[in-house]
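Inspection log for the structure reproduced underneath, given as structure tokens.
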There are 2 protein chains.
Amino acid sequence: MGGLAATTLRLAAGAALFRQGARTLGLFRVLSGRVRLVRLTPGGTEVPMHTAVAGELFAEASIFSAHYHCDAIALQDCEILVYPKAELTRHLLEKPEMLWAFTAEMARRTQDLRTRLEVRQIRAAPDRVLQFLRLRCDADGNWSPPGTLKQWAQELGLTHEALYRALATLEREGKIQRADRLLRLVTP
Amino acid sequence: MGGLAATTLRLAAGAALFRQGARTLGLFRVLSGRVRLVRLTPGGTEVPMHTAVAGELFAEASIFSAHYHCDAIALQDCEILVYPKAELTRHLLEKPEMLWAFTAEMARRTQDLRTRLEVRQIRAAPDRVLQFLRLRCDADGNWSPPGTLKQWAQELGLTHEALYRALATLEREGKIQRADRLLRLVTP
DNA sequence: CGTCACATTGATGCCTCTCAAAGCTTGTGG
DNA sequence: CCACAAGCTTTGAGAGGCATCAATGTGACG
């Protein structure tokens with residue numbers, strides 16, 4: 001964001017940058033670490049909506065809302081850049097090509113959310129994991145979860161036990177291979 | 001969309017406006033009827049991403065993509081307005097306030113998708129239905145499903161049997177009241 | 001070396017999916 | 001006006017799988 005004033009702040013692992021219902025300050029860029037956006041169901045379970053990694057912008061939708069609809073929780077120690085809402089708004093309105101890029105980013109978020117929804121519709125845990133891997137792995141079928149398996153399990157909407165078992169099953173069936181943290185998809 | 005060329009077309013109930021993977025034409029407005037955007041899981045189940053009602057714009061994300069990521073299926077007989085992609089792009093870039101409104105609409109979509117994700121995380125069918133109603137009902141706690149209960153069940157990510165049973169359970173427990181198509185939420 | 005969180009496996013129960021069958025509603029054609 | 005067909009609605013029975021609770025192993029870090 002060339003020439004846009006911004007302040008940085010630090011966030012310890014597990015700390016909240018903002019909570020659902022809080023007034024929106026603006027939006028954020030992750031400089032280092034990872035931040036997860038989660039909603040809480042009435043039952044109290046956390047539903048991850050997005051995980052922003054280093055370099056990434058997040059909480060875009062908050063520009064158009066007076067209050068946040070999610071909690072933002074640091075998964076690790078983080079450095080965060082803050083773009084104040086008012087300035088950012090002015091900035092975007094003055095430079096249409098910037099706004100265009102911003103809109104394109106939001107479109108990508110939409111696609112990502114739709115993919116999440118699609119994956120969550122698959123009930124069988126092994127199939128859900130498999131589909132997730134298919135969508136995320138590189139050309140060689142490799143992928144590594146960024147963070148713990150427990151965190152990944154939340155992302156998938158499974159208990160961690162279910163994920164462990166699913167991975168064990170898939171490996172037993174020869175559909176994936178595991179080497180330390182690396183997962184390889186064995187394509188038929 | 002003032003002054004933007006557009007053509008209209010008709011769509012019979014059940015017909016597809018476009019399919020996943022097809023080249024993007026542009027975007028659409030529903031003049032009458034209802035159109036559902038669905039993705040297909042590898043297992044073949046349809047996952048509804050959005051249901052556009054009369055007056056609503058849909059397939060916005062397609063402006064930034066060469067191919068559609070969803071199927072668009074008419075739930076009823078429909079009239080659809082088509083905005084060609086190239087013209088629309090030019091139009092949006094020339095009028096920043098138009099682009100701003102467009103972006104705001106995308107932000108709303110994002111929130112809607114997140115709500116969907118949140119509701120789907122609730123496993124127990126009665127609780128899921130209840131939460132859906134809480135989010136959708138009016139001030140008096142009333143809501144009516146637009147369309148059949150089967151369609152609603154898909155929207156909820158439940159089998160229609162599970163939905164019928166959940167509604168029966170909720171009514172038996174006095175948490176909702178049913179009168180023909182109308183549902184009333186009994187708040188404690 | 002002790003603590004704490006993650007990783008893994010076991011046993012149990014509940015709930016949704018699946019398959020099946022029977023009322024009910026709507027529309028169509030004779 | 002009635003008979004039939006087709007699709008929605010509703011309820012039943014059975015099974016499989018994930019959540020839950022529980023216990024143990026393992027790794028990192030002070």
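In the text below, chain A, chain B and the rest are named by the order of the sequence lines, each starting its count at 1.
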Specify the separation, in whole Å, of atom CH2 of B:W152 and atom P of D:dT9.
-> 11 Å
Checking D:dC8, C:dT16, C:dT8 against the side chain of B:K150 (C-beta onward), the nearest is D:dC8
Rounded to the nearest Å, what distance is computed from the CG atom of residue A:L75 to the P atom of nucleotide C:dA5?
-> 16 Å
Is the closest basic N to carboxylate O distance between B:R39 and B:E46 below 4.0 Å?
-> no
Is the shortest heavy-atom distance from the side chain of A:I122 to the side chain of B:P42 under 4.5 Å?
-> yes
Is there a side-chain contact between B:T8 and B:E79, using heavy atoms and a 4.5 Å cut-off?
-> no
Under a 4.0 Å heavy-atom criterion, the protein footprint on nucleotides 23-30 of chain D, written with B, S and -, is --------
In B/S/- notation (B base, S sugar-phosphate only, - none; protein heavy atoms under 4.0 Å), nucleotides 22-29 of chain C written 5' to 3' is --------
Got more than 12 heavy atoms from elsewhere within 6.0 Å of CZ, B:R134?
-> yes
Cationic N near anionic O, under 4.0 Å, B:E105 to B:R109 = yes
Do B:L113 and A:V119 share a hydrophobic cluster, counting only Ile, Leu, Val, Met, Phe, Trp and Tyr and linking them when any side-chain heavy atoms are less than 4.5 Å apart?
-> no
Is there a side-chain contact between A:L27 and A:K85 (heavy atoms, below 4.5 Å)?
-> no
Spacing between B:D180 atom CG and D:dT10 atom P, to the nearest angstrom | 10 Å
Between B:K175 and B:E173, is the closest basic N to carboxylate O distance under 4.0 Å?
-> yes
Identify the heavy atoms of A:L25 and A:Y68 that sit nearest to each other, and give their distance.
-> N-OH, 3.0 Å
May I ask you to list the residues of residues 153-172 of chain A, by number, that have any heavy atom positioned under 4.0 Å from an atom of DNA chain C?
-> A:H160, A:E161, A:Y164, A:R165
Check whether more than 12 heavy atoms from other residues, nucleotides or ligands sit under 6.0 Å from atom CZ of A:R181, and answer yes or no.
-> yes
Give a yes/no on whether any side-chain N or O of A:R123 is located under 4.0 angstrom from OP1 or OP2 of C:dC17.
-> yes
Nearest-Å distance for atom pair CD1/C1', residues A:I122 and C:dC17 = 16 Å
Is B:R116 salt-bridged to B:D112, going by a charged N under 4.0 Å from an acidic O?
-> yes
Are OP1 or OP2 of D:dT10 and a side-chain N or O of B:R178 less than 4.0 angstrom apart?
-> yes
